[in-house]
Amino acid sequence: MSGLMLAMFVAFLSSTVVSNALPTIITDLRGSQNQYTWVVTATLLSSTASTPVWGKLADLFSKKLLIQLSIVVFIAGSMLAGLAQSVETLIAWRALQGLGLGGLQALVQIAIAAMISPRERGRYAGLMGSVFAAATVGGPLIGGVLVDTSWLGWRWCFYVGVPFAAVALVLLQRTLHLPVIRRDVTIDYLGAGFLAAGVSALLIWVTLAGHGFPWASVQSALFLGGAVLAVVAFLVTESRAVEPIVPLRLFRDRTTTLAIIASIAVGVAMFGSTVFLGQYLQISRGYSPTEAGLLTIPMVGGLVLSSTVSGLLITRFGRWKAYLTAGSALVMAGFGLLATIDHETDMVLLCTNLFILGAGIGMSMQNLVLAVQNTVAAADLGAASSAVTFFRSLGGTVGVAVLGAVLSNHVGDLIEDRLTGMPGAAQAAGGGGAVGLADLADAPAPVEALIRMSYGDATGRIFLVSAVVSVVAVLAVLFIREVALRTESGDERQWAERSDAVRIDTDRIEGRDAAGERTDEVGHSLQQSVVR
């Protein structure tokens with residue numbers, strides 16, 4: 001568990017440690033708001049597309065080996081990202097880092113499910129929530145200190161996770177021992193390709209539409225049509241594949257389908273809030289990266305408290321839906337309250353709203369995975385767990401891209417309107433030319449103040465969009481049917497299901513009924529043919 005928790009800490013740290021450093025990184029590399037979004041989106045996209053692949057491989061190969069492989073990929077991506085000399089190369093290496101991150105996100109939960117029963121997993125959900133909280137608090141603080149330390153700088157935000165990953169690799173090699181059930185396998189590479197193509201086309205369209213080309217244009221039609229065709233091809237491929245990446249039979253179960261729908265909204269909450277909150281605190285309110293990290297503590301405190309308490313109560317009583325319902329409602333309420341912020345919002349009020357949002361995320365994130373793992377067959381445990389993680393990451397990926405586009409367009413409109421009404425600022429901007437995040441480092445004082453004010457006033461809109469999306473999560477959770485938590489671990493269930501299958505086949509061969517009595521001559525003939 002120490003190695004698994006450390007690996008999960010590394011996965012969460014990789015996103016949080018960079019979130020507060022991004023304004024400095026983009027300013028230093030002279031990047032734009034869209035590039036700001038894509039530094040995050042590239043990692044989320046590659047981790048999202050690879051998550052179901054890692055999950056399927058966990059059903060076919062050694063879970064231990066796969067976790068170690070994902071750690072190695074993560075280390076390589078982190079080191080190369082730290083060496084990037086432009087925003088474009090940084091985005092590329094962040095995508096490689098995301099491949100390893102996708103494996104860590106999916107495989108750690110799969111390994112825990114294989115070892116621990118759903119009934120006992122509640123207390124470990126609290127532990128995972130605490131690890132997430134530690135990374136969420138420590139990440140921005142570490143990132144802020146690194147950025148504010150002149151002899152280190154923002155590049156160490158990518159290097160800092162490498163030692164933790166290396167220690168996790170050694171710990172898992174020495175302590176993690178999971179049985180490996182070897183069988184002939186077929187990897188659905190075609191399905192994985194269609195999945196990545198569909199998600200990529202959708203995100204590129206959302207990012208570029210509106211300023212790169214009009215929403216109603218040939219380019220929009222090509223991107224959107226290509227995304228739809230890729231998704232249709234993915235569904236057709238999955239329905240025919242021997243070993244599908246995302247088994248479509250999982251969606252026949254109501255709990256799994258509704259949990260996946262809710263996970264999409266939770267993904268928007270988890271990723272959207274951390275990415276754009278750091279930008280709001282630093283660009284609009286003028287806090288340093290370290291101070292911005294400290295101001296996220298209320299959200300993390302709510303997450304730690306709710307995940308720990310709900311996990312212990314779930315383990316004690318074996319019931320989970322009440323906590324899941326309350327968590328999704330708090331997520332919706334938290335986003336609704338954050339939708340009211342602007343560049344002058346009282347910080348005490350902001351911290352209170354963040355606490356409410358964190359409490360909701362803490363009760364929702366892990367319990368959605370728990371509900372699915374408790375329902376599906378043991379043979380599909382890896383695919384089902386990764387499916388929930390995949391759609392949560394997909395929600396975060398699409399959420400960051402969509403919210404980033406909303407923020408970019410709204411900020412642009414606000415700056416344009418205010419430049420028109422402020423002749424001095426318009427003259428300082430070069431005759432009223434377009435300005436944005438890329439101009440912040442070199443902008444004159446009036447334009448700089450205008451950019452910061454516009455970012456503060458525009459941030460509330462992205463939280464309003466998130467609040468509307470979270471309504472879907474609340475409705476999905478309400479319709480989930482609660483099933484008492486099982487008391488067997490994933491491995492115990494898998495061996496039991498295999499034993500049942502062998503017993504049923506043996507009874508068929510021997511021609512016996514449920515009571516163990518010999519049936520008809522067909523059974524006897526079947527037995528004789530097998531003997532021959």
State whether the side chain of [X] and the backbone N or O of [Y] hold a donor-acceptor pair below 3.5 Å, judged by distance alone.
{"X": "T89", "Y": "S86", "result": "yes"}
{"X": "Y323", "Y": "S306", "result": "no"}
{"X": "S307", "Y": "M363", "result": "no"}
{"X": "T149", "Y": "L152", "result": "no"}
{"X": "D457", "Y": "H343", "result": "yes"}
{"X": "Q85", "Y": "L83", "result": "yes"}
{"X": "S328", "Y": "L324", "result": "yes"}

Review point. For A197, what residues pass the side chain to side chain contact (heavy atoms under 4.5 Å, CB included) criterion, not counting sequence neighbours?
Key: A230
Side chains of [X] and [Y]: do they bring a donor and an acceptor to under 3.5 Å?
{"X": "T27", "Y": "T24", "answer": "no"}
{"X": "R94", "Y": "T43", "answer": "yes"}
{"X": "W205", "Y": "S220", "answer": "yes"}

Hey, is [atom1] on [X] packed in by over 12 heavy atoms from elsewhere, all under 6.0 Å?
{"X": "F479", "atom1": "CZ", "value": "no"}
{"X": "R461", "atom1": "CZ", "value": "no"}
{"X": "F164", "atom1": "CZ", "value": "no"}

Exercise for review: Show your working on ring pair (Phe, Tyr, Trp, His ring centres under 6.0 Å) between Y159 and W156 and close with a plain yes or no.
Suggested key: CA-CA 5 Å; Y159 301 148; W156 277 91; 5.2 Å; yes
**Study point:** Counterpart residues, side chain to side chain donor-acceptor pair (under 3.5 Å), relative to T352 (two or more places apart)
**Key:** none
Check your understanding: So, for T345 and T340, which heavy atoms are closest and what is the spacing to 0.1 Å?
Key -> OG1-O, 4.3 Å
Review point. Got a second to check how far R452's CZ is from R285's CZ, nearest 0.5 Å?
Key: 12.0 Å
Practice item. Would you give the length of the straight line joining atom CG of N353 to atom CE of M299, rounded to the nearest 0.5 angstrom? Key: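 If we round to the nearest 0.5 Å, N353:CG and M299:CE are 12.0 Å apart.
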**Study point:** Reference residue L350; test side chain to side chain contact (heavy atoms under 4.5 Å, CB included); the match among L337, L295, L281
**Key:**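 So the option named by the test is L281.
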